[in-house]
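Here's the structure, in structure tokens; my notes come after.
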Amino acid sequence: MELNAHIPSGPLAEKWDNHKFSSKLVNPANRRKFKLIVVGTGLAGASAAATLAEQGYKVHAFCIHDSPRRAHSIAAQGGINAAKNYQTDGDSVFRLFYDTIKGGDFRAREANVYRLAQVSNNIIDQCVAQGVPFAREYGGSLANRSFGGAQVSRTFYARGQTGQQLLLGAYSALSRQIHSGGVTMFNRREMMDLVVIDGRARGIITRNLITGNLESHWADAVLLCTGGYGNAYFLSTNAMASNVTAAWRAYKHGAGFANPSFVQIHPTCIPVHGDYQSKLTLMSESLRNDGRVWVPKNTGDKRPPADIPENERDYYLENKYPSFGNLVPRDVASRNAKEQCDQGKGVGSTGLAVYLDFADAIKRDGQSTILRKYGNLFQMYEKITDSSPLKEPMMIFPAVHYTMGGLWVDYNLMTTIPGLFALGECNFSDHGANRLGASALMQGLADGYFVIPTAVAAYLGESSLSQVSDSASPFTDAQQKVGQRLQKILRNSSGSATGKVTVDDIHKELGRLLWDNCGMARNKQDLESALQKLPEIRQKFWDKVYVPGSGSELNQSLERAGRVADFLEFGEIMIHDALRREESCGCHLREESQTEENEAKRDDANYSHVSVWEYKGDGVEPEMHKEELSFEYVTPSQRSYK
Amino acid sequence: MWLLRFFSSSIGKKILMAVTGLLLLLFLVAHAVGNAAIFFGSSAFQAYADALHSLPVVVFVFGLGLLVVFLVHITIGIQLFLQNRKTGAARYAVTTRVVKNTFASSTMPYTGLLILLFVVIHVFGFGVNPSGVEVSTLVKDLLGNFFYGLFYLFSFCVLAVHLSHGFWSMLQTLGFNHPRYNDGIAKLTYIVPGFFLVFFGTIVLYFMTGIGAAY
Amino acid sequence: MSTIDLTLQIWRQKNSDALGQLENYTLEKISTDMSFLEMLDVLNEKLTLEGKDPVAFDHDCREGICGMCGAVVNGVAHGPEKETTLCQLHMRHFKTGDTLVIEPFRSRAFPVRKDLVVDRSAMDKIIQAGGYVSVNTGGAPDGNSIPISSHLAELAMDAAACIGCGACVAGCPNGAAMLFTSAKISQLCLLPQGHAERKQRALSMVETMDKEGFGNCTNLRECEAVCPKNISIRNIARLNREFVKATLSEG
Ligand SMILES: Cc1cc2nc3c(=O)[nH]c(=O)nc-3n(C[C@H](O)[C@H](O)[C@H](O)COP(=O)(O)OP(=O)(O)OC[C@H]3O[C@@H](n4cnc5c(N)ncnc54)[C@H](O)[C@@H]3O)c2cc1C
Ligand code: HEM
Ligand code: HEM
Ligand code: SF4
Ligand code: F3S
Ligand code: FES
């Protein structure tokens with residue numbers, strides 16, 4: 001597998017412009033002759049589909065939901081970064097670039113990240129023009145907040161619903177193109193497989209989730225905008241339908257999968273409250289601006305928080321990181337919470353939670369001020385937990401939130417399969433080993449609105465594509481394979497359910513395995529034992545899973561089963577990847593690689609690279625390739641938040 | 001043609017409903033003013049009636065206009081009722097109205113039709129006036145009759161109910177909804193129907209109770 | 001942690017063409033900390049292991065923001081709690097012995113696909129008819145070039161908060177989609193960016209709304225009462241104004 005990132009020449013600040021100038025174009029009259037497939041209608045997918053259709057390409061877009069507006073991006077709360085420097089507090093494209101690279105612990109590509117910072121400003125302008133109701137100052141100018149411990153205020157937001165408003169903006173642009181016929185929208189379709197002809201991505205197989213019919217769709221290029229794979233852990237903050245299937249199918253057709261073990265675990269989520277729990281809810285990071293994190297000093301102290309005197313409380317973040325205190329980056333906060341709970345100091349019925357206490361903030365600023373800042377979050381928390389943060393401290397615990405890993409792409413967002421592009425969280429992204437708050441929305445829209453048009457034109461412009469028909473053999477064969485796989489999943493369903501297990505049983509088992517051994521802190525021994533156990537779970541799935549109903553109808557159990565089957569395979573490269581990277585970086589903490597104050601210790605000498613995994617056949621160990629990372633404009637430094 | 005398109009659209013019908021509703025309301029006001037003369041004795045009232053009828057053209061045009069307004073209001077009201085029964089009603093095994101006191105709003109067509117009934121009887125009693133009997137005595141005789149009066153009172157209550165949703169609804173349809181004025185509007189929604197009920201009611205009682213016997 | 005026992009009557013319908021009916025189920029020991037959808041998960045796991053067909057229902061975010069979930073519980077869209085989507089409704093609001101009648105969102109414009117799953121694409125069609133500002137990507141002026149008072153921005157945001165769940169349609173005795181449509185119209189006519197097209201937008205969105213088979217609004221206010229995002233019928237009044245203005249000048 002050849003990994004050429006195709007980084008344009010020239011100084012960092014000019015690379016993107018040089019590239020746009022030197023790339024091939026497709027003249028407007030010819031564009032309508034090209035058909036493009038966009039899978040997934042989140043920020044990346046919706047913005048890409050709309051923009052490409054505006055430019056004249058024939059676009060076919062696919063989403064799992066009954067409407068493209070429901071994509072997982074809708075749940076993003078906090079905001080979106082841009083280097084506008086409206087607050088003149090010293091922000092700049094270079095600073096946003098630097099913060100993002102540093103936040104990613106120097107495991108991302110300079111050129112990509114710089115481009116991201118460059119287009120961040122166009123994103124805000126575009127969204128405003130679409131009628132996205134960003135928060136405003138009284139004077140009428142756009143408001144900003146500082147987010148995720150950044151030293152500048154560069155985060156734009158729309159109440160606690162930034163992702164919703166940005167997605168609805170992209171959705172409206174998409175709707176306009178659907179209306180004008182530029183985009184043909186396929187709702188309630190799940191991509192089941194990729195079709196590769198002569199080494200190029202030429203189409204997909206989808207399942208109509210209402211009728212169960214398998215359908216073939218040809219195209220000149222395929223864009224995967226299918227989001228992250230956090231649901232491999234079963235419990236995560238991701239939407240229920242988010243999955244790895246599309247990316248995994250691509251991987252099995254030869255697309256490299258980069259840094260699969262880089263998973264961000266968000267520190268402020270509502271703790272698990274029972275084994276029936278289906279998903280975890282994020283509480284915005286901003287809470288840490290005023291809330292104080294603590295646990296009882298003595299292990300197993302089960303007294304209610306109010307009865308625990310000040311001197312028996314351990315404000316461990318403030319004590320350990322005097323300068324950053326409760327505002328340490330996500331990975332540090334999460335890891336320390338786990339540490340405390342492992343020591344038996346965890347609170348709540350499960351012992352898997354820490355307190356986030358607003359008592360002092362309320363004393364200091366008064367209840368009304370605190371409510372103005374966090375009122376809606378407090379409501380949401382009370383709705384779910386039935387306890388009011390005004391009366392007793394919140395309980396929080398880390399949860400899987402975002403996946404930095406994804407399909408490997410070059411500067412043009414093209415995977416190692418020509419004609420197959422990956423956008424948004426689906427690609428291995430510009431976030432290195434750890435994503436800063438408010439930068440995923442930025443990346444999704446940058447990819448979709450501003451990067452992909454150039455990239456697609458360049459590809460179509462320089463390649464001569466043969467005619468393909470979706471009734472020809474490559475498609476019919478692929479369709480047949482998908483059908484057989486579904487039958488295989490359904491085969492246990494003849495006969496009674498006794499002695500069988502449900503899809504969720506297996507998914508939960510997989511989730512536990514990954515969470516315990518490939519979660520916040522990882523070590524050789526656990527990872528290796530996990531590699532042992534995984535095949536057993538997979539076997540159990542194929543032998544015992546009971547999926548009611550048939551494949552020729554709306555069958556939600558079957559949908560979940562297909563996704564879990566892929567997670568079960570995918571988990572393996574995740575663990576392999578974590579095992580092979582014997583350094584700690586960003587979200588990836590290897591207990592073997594820590595400083596004396598057990599902080600994450602990076603090993604730039606041996607691991608300053610992207611790990612890209614190549615499929616070698618079922619049951620065969622995947623092969624790892626390296627894309628070396630070189631830093632010309634920043635010098636990698638050890639992160640320290642002491 | 002744009003006007004037709006407007007009136008065939010769902011909102012167009014609403015607007016028409018509201019406008020005719022408003023006109024009917026205005027008629028009631030005018031009517032109330034006219035009838036106020038009753039309290040100033042039969043001669044005064046008779047004078048008013050005669051004055052009115054000394055301008056047959058006005059009466060005719062006015063009456064015709066009113067008829068049209070009624071017809072429009074009624075036909076659309078009924079059309080909406082029938083259409084909505086198709087799209088809405090009886091969809092669920094269990095139906096719960098979340099909004100409090102929905103009686104008036106959910107009975108608009110029925111209260112409306114009762115009003116229609118009243119108007120027909122009323123107009124044939126008073127409006128078209130075949131025998132040369134003076135209107136003032138006519139009123140006295142008819143309303144002096146207990147059951148006739150009772151029917152009137154009942155009809156006025158129905159009218160009040162109709163308006164208790166209608167008045168607010170009309171304003172909402174015409175686009176009047178602003179936090180600053182909504183409290184006031186909410187009050188008017190009870191005051192307006194209340195006024196008509198009391199005003200017209202007293203007239204009837206005036207005769208029923210025989211106080212107006214010497215009239 | 002307290003638990004409750006419930007009787008459920010759920011609408012079961014194999015597909016759009018099949019006839020459906022209510023079926024009874026009983027659930028014991030439901031934790032009051034569960035969300036309504038988690039309660040349905042538990043039921044489905046139970047049905048699956050009994051070899052029965054689980055209840056199909058739509059959901060995705062389970063955070064009250066995607067608008068995917070929704071059912072009519074005892075006659076109320078999204079259930080008894082105000083300003084709450086079904087996924088954010090928790091079982092602590094019910095008690096042992098309760099019978100919950102669970103039906104799909106119904107409207108002539110929402111065909112039932114299976115059990116509680118309905119097709120709401122008619123709402124997409126309304127947006128496609130004009131629920132956008134016609135700007136292409138690129139060349140947008142600086143975000144601060146047009147100042148917008150924070151008051152206006154907040155009003156627009158109030159309307160923009162609509163999650164497109166369809167509860168307003170399901171809850172409206174006339175099956176009208178006025179609240180949904182008016183929310184989008186309001187957002188775009190309040191912001192200067194939306195002014196250029198406001199007339200055409202009002203005309204074509206309302207036309208589509210009527211064409212898709214939604215009912216007429218007779219100001220019954222149920223929509224507002226069941227809306228999980230507290231969208232106000234003030235938006236409907238605004239839509240009426242927009243529509244009249246548009247008709248008089250461009251209709
Ligand atoms: C709770 C939460 C809060 C967040 N807050 C922030 C924030 O404040 N700021 C920020 O910058 N980022 C935030 N993020 C991260 C950000 O929301 C996501 O990374 C981003 O929205 C991803 O967008 P996307 O378009 O790449 O993918 P998605 O929005 O996930 O869209 C992918 C879509 O594709 C669909 N799909 C998947 N597989 C298939 C298939 N096989 N066939 C068809 N369709 C498929 C999925 O259902 C999904 O709808 C948050 C994330 C979460 C979970
Ligand atoms: C005579 C037979 C009548 C019928 C069948 C009738 C029917 C209706 C109906 C069905 C509505 C609800 C329509 C809607 O809300 O969109 C309505 C509204 C209304 N009616 Fe009547 N009505 C009648 C008489 C009257 C009279 C006599 C008055 C005046 C005093 C009146 C005043 C109103 C008003 C103000 C509304 C509110 C309009 C709106 O909702 O926008 N109606 N009527
Ligand atoms: C006690 C109360 C009322 C009295 C005493 C009364 C009296 C009269 C009289 C005397 C007339 C004949 C006018 C004329 O032609 O000289 C008349 C006409 C009429 N009234 Fe009333 N009325 C009363 C209430 C109402 C109400 C509540 C309504 C409407 C809902 C109404 C609707 C009409 C109409 C439609 C006409 C015929 C139109 C016209 O000829 O002007 N009346 N009424
Ligand atoms: S207006 Fe309210 S109820 Fe209607 S779709 Fe929007 S959010 Fe749902
Ligand atoms: S409930 Fe229905 S009638 Fe109008 S005010 Fe709401 S749409
Ligand atoms: S599941 Fe998304 S709103 Fe309920």
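Residue numbering restarts at 1 for every chain, and letters A, B, ... go by the order of the sequence lines.
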* Asked: Parallel, tilted or perpendicular for Phe27(B) and Phe62(B), by the 30°/60° rule?
  -> tilted

* **Under 4.5 Å from a heavy atom of chain B, the part of Arg238(C) involved** => neither

* Parallel under 30°, tilted from 30 to 60°, perpendicular over 60°: which one fits the rings of Phe243(C) and Phe6(B)? -> parallel

* Structure fact -> Only residue of Tyr206(B), Tyr152(B), Phe156(B), Phe207(B) satisfying ring pair (Phe, Tyr, Trp, His ring centres under 6.0 Å) with Phe200(B) is Phe156(B)

* To do: Counting only heavy atoms closer than 4.5 Å, note whether Pro80(C) contacts chain B via side chain, backbone, both or neither.
  => neither

* Side chain, backbone, both or neither of Ala170(C) within contact of chain B (heavy atoms, under 4.5 Å) -> both

* Between Ile233(C), Val206(C), Val76(C), Leu22(C), which residue shows the highest count of heavy-atom pairs closer than 4.5 Å to chain B? -> Ile233(C)

* **Top of Glu103(C), Glu207(C), Glu224(C) for chain B proximity - count of heavy-atom pairs under 4.5 angstrom** => Glu103(C)

* Name the orientation class of the two ring planes belonging to Phe39(B) and Phe199(B) (parallel below 30°, tilted from 30 to 60°, perpendicular beyond 60°). => perpendicular

* To do: For atom NE2 of His93(C), decide whether the heavy atoms of other residues, nucleotides or ligands shown that lie under 6.0 angstrom number more than 12.
  => yes

* Side chain, backbone, both or neither: which part of Leu220(C) has a heavy atom under 4.5 Å from chain B? -> both

* Structure fact -> Applying a strict 4.5 Å limit to non-hydrogen atoms, the region of Glu222(C) in contact with chain B is both

* Taking the inter-plane angle between the rings of Phe151(B) and Phe118(B) on a 0 to 90° scale, is it parallel (under 30°), tilted (30 to 60°) or perpendicular (over 60°)? -> tilted

* Asked: Taking the inter-plane angle between the rings of His165(B) and Trp168(B) on a 0 to 90° scale, is it parallel (under 30°), tilted (30 to 60°) or perpendicular (over 60°)?
  -> tilted

* Contacting moiety of Thr95(B), where chain C heavy atoms sit under 4.5 Å -> backbone

* Asked: Among Val226(C), Asn240(C), Asn216(C), Val73(C), which residue forms the greatest number of heavy-atom pairs with chain B at distances under 4.5 Å?
  -> Asn216(C)

